[in-house]
Protein chains: 2
Amino acid sequence: MDLTERKLKILQAVIADFVRTAEPVGSRTISKNYELGSPATIRNEMSDLEELGYLTHPHTSSGRVPSEKAYRLYVNEMMGKTELTQEQKDAIARDLYSNVTEFENLIERAAHVLSEITNLTAFAISPGKEQDKLKYINLLPVDERTVILMLVAESGEVSNTAVHLDKPASEDTLRILAKNMTYNYSGKTLSEALTIDIIKTFKADAEAMAMFEHNIAPSFIRTLEDMLNVNLYMDGLTHIFSLPEYNDIEKAKTFFELVSRKQDIMQKLNSREDGMIITIGGENEDEELSDCSVITATYHVDGRLVGKLGVIGPTRMKYGEVTSVVEYLTDNLSKAFRLTEGDNDD
Amino acid sequence: MDLTERKLKILQAVIADFVRTAEPVGSRTISKNYELGSPATIRNEMSDLEELGYLTHPHTSSGRVPSEKAYRLYVNEMMGKTELTQEQKDAIARDLYSNVTEFENLIERAAHVLSEITNLTAFAISPGKEQDKLKYINLLPVDERTVILMLVAESGEVSNTAVHLDKPASEDTLRILAKNMTYNYSGKTLSEALTIDIIKTFKADAEAMAMFEHNIAPSFIRTLEDMLNVNLYMDGLTHIFSLPEYNDIEKAKTFFELVSRKQDIMQKLNSREDGMIITIGGENEDEELSDCSVITATYHVDGRLVGKLGVIGPTRMKYGEVTSVVEYLTDNLSKAFRLTEGDNDD
DNA sequence: GTTAGCACTCACAAGGTAAGAGTGCTAACA
DNA sequence: TGTTAGCACTCTTACCTTGTGAGTGCTAAC
């Protein structure tokens, strides 16, 4: 069931036109703009394409609209890779690195840049840190009954919590506890650390043990959980108001309600596989995303930790352009995070 | 120009009805529901109220709508304080403290609870920390050429940055530097700390000085700036879709564009004075907020640091209920932050 | 296989009409 | 003098009708 060359061209033309205008496209329009034959000829071809499932018909007397199957074909086979020009790349890089001081910041910024360029809703998910390993643990006295529990991970991430103690603790006790913890936990991944029976692994005098069990261990666990948490950044939500498909207030509402359930969104997006993934309309398992397309791609930190970046938009989307930008951005993120890592070594 | 009792009652009735329904209210409706006289009488009174500027008339044959002047009168003089029932209070407190592990978290949660109860868009701004003082500063070696710069503030806030060093530094050097910094900065407010000529205040050997100047000082300044930063949390944005006044896609768009400019929003809201402030429609200096009402109130951390909490909604708002909830929440926040503080002392 | 021609379909905008809600005014009433 | 009933008038809204334009599908000719 291969399509003839002309059918392919017509399909491509319909997709191009529809993506641009969001209006069903008629045979005359194609005929005028593409030299593919007379309106009648094109009508016949379109009719065939419809029978094959690539086009649909909102109603008898309207033009044709590409189906999801058409977009899928387009994405898989017809979409030329849109190489970004050097200026575009430079502009993106300039935007991306401007005003950025740290890790999370850069990720957030990537979402922003992506949404600005594509005029779509963009998101970025910070890396899942299950594979990150604890490097060392410290307990720092603030005042008599407050200490700061500090965890340092191999990725460079640092986290502290102020811990309130039942009883004053000597610096010695704290030092011993910290040493003990570092000994037990360093080299373990964050997730492994959470599975260890934290009390049993310890050997210290009764008082230190009691303090550890009641004051420090709970904070330790909570901090580990916090470090494992991934963040979701979204940007360009208001872009959807410019899309004709969301001119309906109900649609807009549904969309905003969807994206404001950040936990859900994150879970859905983050469970996707690695690499660039494009899901079109009904291919999204999610009912609520059934007339959206979602593009995600992964970036890497230190070759291990994996974060995500992507856009959510209407199925009518400039797949070529968007994927190029997403790719360029994830490449840049991976590079940036490799550099900081490398920095530490030499 | 005091209003007669009946005029006041009619005005109150109009406001109550309009707040509930968002429809202009006619004389018959009032007459039926409130025993304030026949429709004709009420019409005469309404006509007077309109002349006095408390009511307006979308068009000749429609009911009356309260003016901003009416809401102002209502808020100033007629609005009974809606005491929350004990159950409501308990429910709010339960919601507020559930799932909360720390400072920022609690603030974010407050915005969430507020928006859920009021069905409006709520926001919370974390305290400005200009008045917070540095308590001590530490430099912790991670590996040969990475140290963690740790700032502890009196409020209990802790901040770290990983700092990369040009050359390896001995633990001794770090200890001296940290001690020196603590000596120079502890007791200073964060903003004061930023004004000090950081290099001049130092006395150490040339190598330590160089390291301080080139590696640590820049991070120190950036971290101070970070700590000074306030965060804005918004919640319940999608509630505006339920309001008839935002059934217009353009209005909704404008609103979302406004609130997505977080920096602007924060500046506008945060510059407001202390205590509970209600601005109605055009009272907002901001053109874009001219058909909204904004309620803000302040909460305190340790009696010094001041954060804000509030809602943005249509001028047609249940001022009584909303202010009660806002007040109860800010009281709770202040109490919570006093407790943690007090905790440290005894 | 391609194209011109024509009847037909459907969405959409413009105009017209009727219903309903509400006012303003006048005159009668207590 | 304040209150009320009655009535004409206004304006919005929903609904229907109609005309137009874009587009298809089919047939017949090239």
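In this text, all values refer to a predicted model and were calculated from it rather than measured experimentally.
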Show me the side-chain donor-acceptor pairs of residues 318-327 of chain B shorter than 3.5 Å, one per line, residues at least two apart or across chains.
from: B:Tyr319; atom 1: OH; to: B:Ser293; atom 2: OG; distance (Å): 2.7
from: B:Tyr319; atom 1: OH; to: B:Thr315; atom 2: O; distance (Å): 2.5
from: B:Thr323; atom 1: OG1; to: B:Tyr319; atom 2: O; distance (Å): 2.7
from: B:Thr323; atom 1: OG1; to: B:Gly320; atom 2: O; distance (Å): 2.9
from: B:Ser324; atom 1: OG; to: B:Thr82; atom 2: O; distance (Å): 2.6
from: B:Ser324; atom 1: OG; to: B:Gly320; atom 2: O; distance (Å): 2.9
from: B:Glu327; atom 1: OE1; to: B:Lys81; atom 2: NZ; distance (Å): 3.0
from: B:Glu327; atom 1: OE2; to: B:Lys81; atom 2: NZ; distance (Å): 3.4

Chain A reaches DNA chain C, atoms under 4.0 Å from its heavy atoms, from C:dT2 to C:dA11
Might you point out which heavy atoms bring B:Met46 and B:Ile30 nearest each other, and give the distance in Å?
CE-CG1, 4.1 Å
Which residues satisfy the ring pair (Phe, Tyr, Trp, His ring centres under 6.0 Å) test with B:Phe123, sequence neighbours excluded?
none
Provide the full list of ring pair (Phe, Tyr, Trp, His ring centres under 6.0 Å) pairs with a residue in residues 3-22 of chain A, sequence neighbours left out, each pair given once.
none
Within residues 7-40 of chain A, which residues have any heavy atom lying less than 4.0 Å from an atom of DNA chain C?
A:Gly37, A:Ser38, A:Ala40
Considering heavy-atom distances to DNA chain D, does A:Asn44 or B:Arg43 have its closest nucleotide positioned more toward the 5' end?
B:Arg43
Could you report the tightest heavy-atom contact between A:Glu245 and A:Pro314, atom names first, then the distance?
OE1-CB, 3.7 Å
Kindly say if B:Thr41 contacts the phosphate of D:dT4, meaning a side-chain N or O under 4.0 Å from OP1 or OP2.
yes
In short, B:Val311 meets B:Met317 closest at the heavy-atom pair CG2-CE, 4.2 Å
Round to the nearest Å and state the distance from A:His59 atom NE2 to D:dG23 atom P.
10 Å
Across all chains, not counting sequence neighbours, the ring pair (Phe, Tyr, Trp, His ring centres under 6.0 Å) partners of A:Phe256 are A:Phe241, B:Phe241, B:Phe256
How close do A:Pro39 and A:Ser31 get, counting heavy atoms only, and between which atoms?
CD-OG, 3.3 Å
With B:Glu23, which residues qualify under side chain to side chain contact (heavy atoms under 4.5 Å, CB included), at least two apart?
B:Thr21
Listed partners of B:Asn44 passing side chain to side chain contact (heavy atoms under 4.5 Å, CB included), at least two apart:
none
Considering residues at least two apart in sequence or located in another chain, which fulfil the side chain to side chain contact (heavy atoms under 4.5 Å, CB included) criterion with B:Thr85?
B:Glu87, B:Gln88
The test is salt bridge (Lys or Arg N to Asp or Glu O under 4.0 Å); show your working for B:Glu288 and B:Lys268 and say whether it passes.
CA-CA 12 Å; B:Glu288 298 169 291; B:Lys268 281 167 197 163; 3.8 Å; yes
For DNA chain D, please output the secondary structure as dot-bracket, reading 5' to 3'. Pairs are Watson-Crick or G-U wobble, both atom distances under 3.5 Å; mark crossing pairs with [ ], other-strand partners with |, unpaired with a dot.
||||||||||||||||||||||||||||||
Atom pairs, protein N/O to nucleotides 20-22 of chain D N/O, distance under 3.5 Å:
none

Could you tabulate the donor-acceptor pairs under 3.5 Å formed by side-chain atoms of residues 8-17 of chain B, not counting sequence neighbours?
from: B:Asp17; atom 1: OD1; to: B:Arg20; atom 2: NH2; distance (Å): 3.2
from: B:Asp17; atom 1: OD1; to: B:Tyr34; atom 2: OH; distance (Å): 3.4

Given D:dG2, is OP1 or OP2 found less than 4.0 Å from the side-chain N or O atoms of B:Arg6?
no
